[in-house]
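Let me begin by presenting the structure, written as structure tokens, before commenting on it.
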Amino acid sequence: MKQLQGKTALITGASRGIGKAIALKLADQGANIVFSHLSSAEQGKEVTQELEKRNVEVLAYHADVASFNKSQELIETVIQKFKQIDILVNNAGISRDNLLLRMSEQDWDDVMQVNLKSVFNLTKAVTPVMIRQRSGSIINISSVVGIKGNIGQANYAASKAGIIGITKSVALELGSRNVRCNAIAPGFIETAMTEKLSKEAKEEWIKNIPIRRVGTPEDVANCALFLASDSSSYITGQVIQVDGGMVT
Ligand code: NAP
């Protein structure tokens, strides 16, 4: 029996990278998948095809999850089609790196809207659904940068630290309704987001990772599967680092 047979999972930002790996991993375990993306229509179609090969139902949804109204619409659409939402993975994220001295107000606002407000938007919209079901697992993708900070990422680090705050608060508010909320804090994961870094910068990062390699999207997806499944039914309000020991 597959671990997530008959469940419905909604993953934001799954046209590539970590979100895509999570969508595929949850589908491998039988979950029907709804995923959102914003600009990558072609990549979105490819992900849909890969998911359909796993014999699960798939719905790709074009939405800016920074928008409160679009997020509400997204949840309503999922309920109309699947009648339930068992797993929400708030994964969509962007970075607009710069030293604070040079960071524009726009760079700050964009990152906070996409990375943090989207978590509020979707978590708020899904809460009545999960309370009614008396079950649910919400998984927020934070970052080790939200724990430790990082030069050139004041906006990104603040958004990811904010995700930890909402995760813990939601866990406290919804635990009694059997709705769990946890965060994953990935370290350095090889995706489009990190490919801009030079080879030298990557080598420098690897020197500081005890496991001596960068992470893969699948490393993060394995943790997401654990948090989505009943194997973690007594775990809520936690931040699990998937970082090869980089921040200890
Ligand atoms: P990525 O490859 O850049 O993918 C980001 C995804 O988010 C894409 O599917 C993108 O869709 C979507 N997205 C961006 N803005 C959106 C919006 N406004 N509305 C809806 N979807 C939106 O990034 P990644 O590396 O896989 O990162 C995924 C998550 O992990 C992010 O939250 C990131 O901060 C976090 N993280 C990554 C690392 C790392 O090392 N890679 C480390 C720690 C944490 P479109 O392309 O269609 O716009």
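Because the structure is a prediction, the values reported are computed rather than measured. In what follows, residues are counted from 1 in the order of the sequence shown. One-based numbering, in listed order, for ligands and for the atoms of each.
With sequence neighbours excluded, no residue forms a salt bridge (Lys or Arg N to Asp or Glu O under 4.0 Å) with Lys160.
Here the closest non-hydrogen pair linking Val144 and Val247 is CB-CG2, 3.8 Å. Residues Ser231 and Phe226 come closest through the heavy atom pair O-CE1, 3.6 Å.
At a threshold of 4.0 Å, the pair Glu203-Lys199 counts as salt-bridged, since one of the basic side-chain nitrogens sits closer than that to a carboxylate oxygen.
Listed by chain and number, Gly13, Ala14, Ser15, Arg16, Gly17, Ile18, His37, Leu38, Ser39, Ser40, Ala63, Asp64, Val65, Asn91, Ala92, Gly93, Ile94, Val114, Ile141, Ser142, Ser143, Tyr156, Lys160, Pro186, Gly187, Phe188, Ile189, Thr191, Ala192, Met193, Thr194 each place a non-hydrogen atom less than 4.0 angstrom from ligand 1.
Atom-to-atom distance recorded for Ile184:CD1 and Ile163:CD1 is 11.5 Å, nearest 0.5 angstrom.
When hydrophobic clusters are built by joining Ile, Leu, Val, Met, Phe, Trp and Tyr residues whose side-chain heavy atoms come closer than 4.5 Å, directly or via intermediates, Ile139 is grouped together with Ile235.
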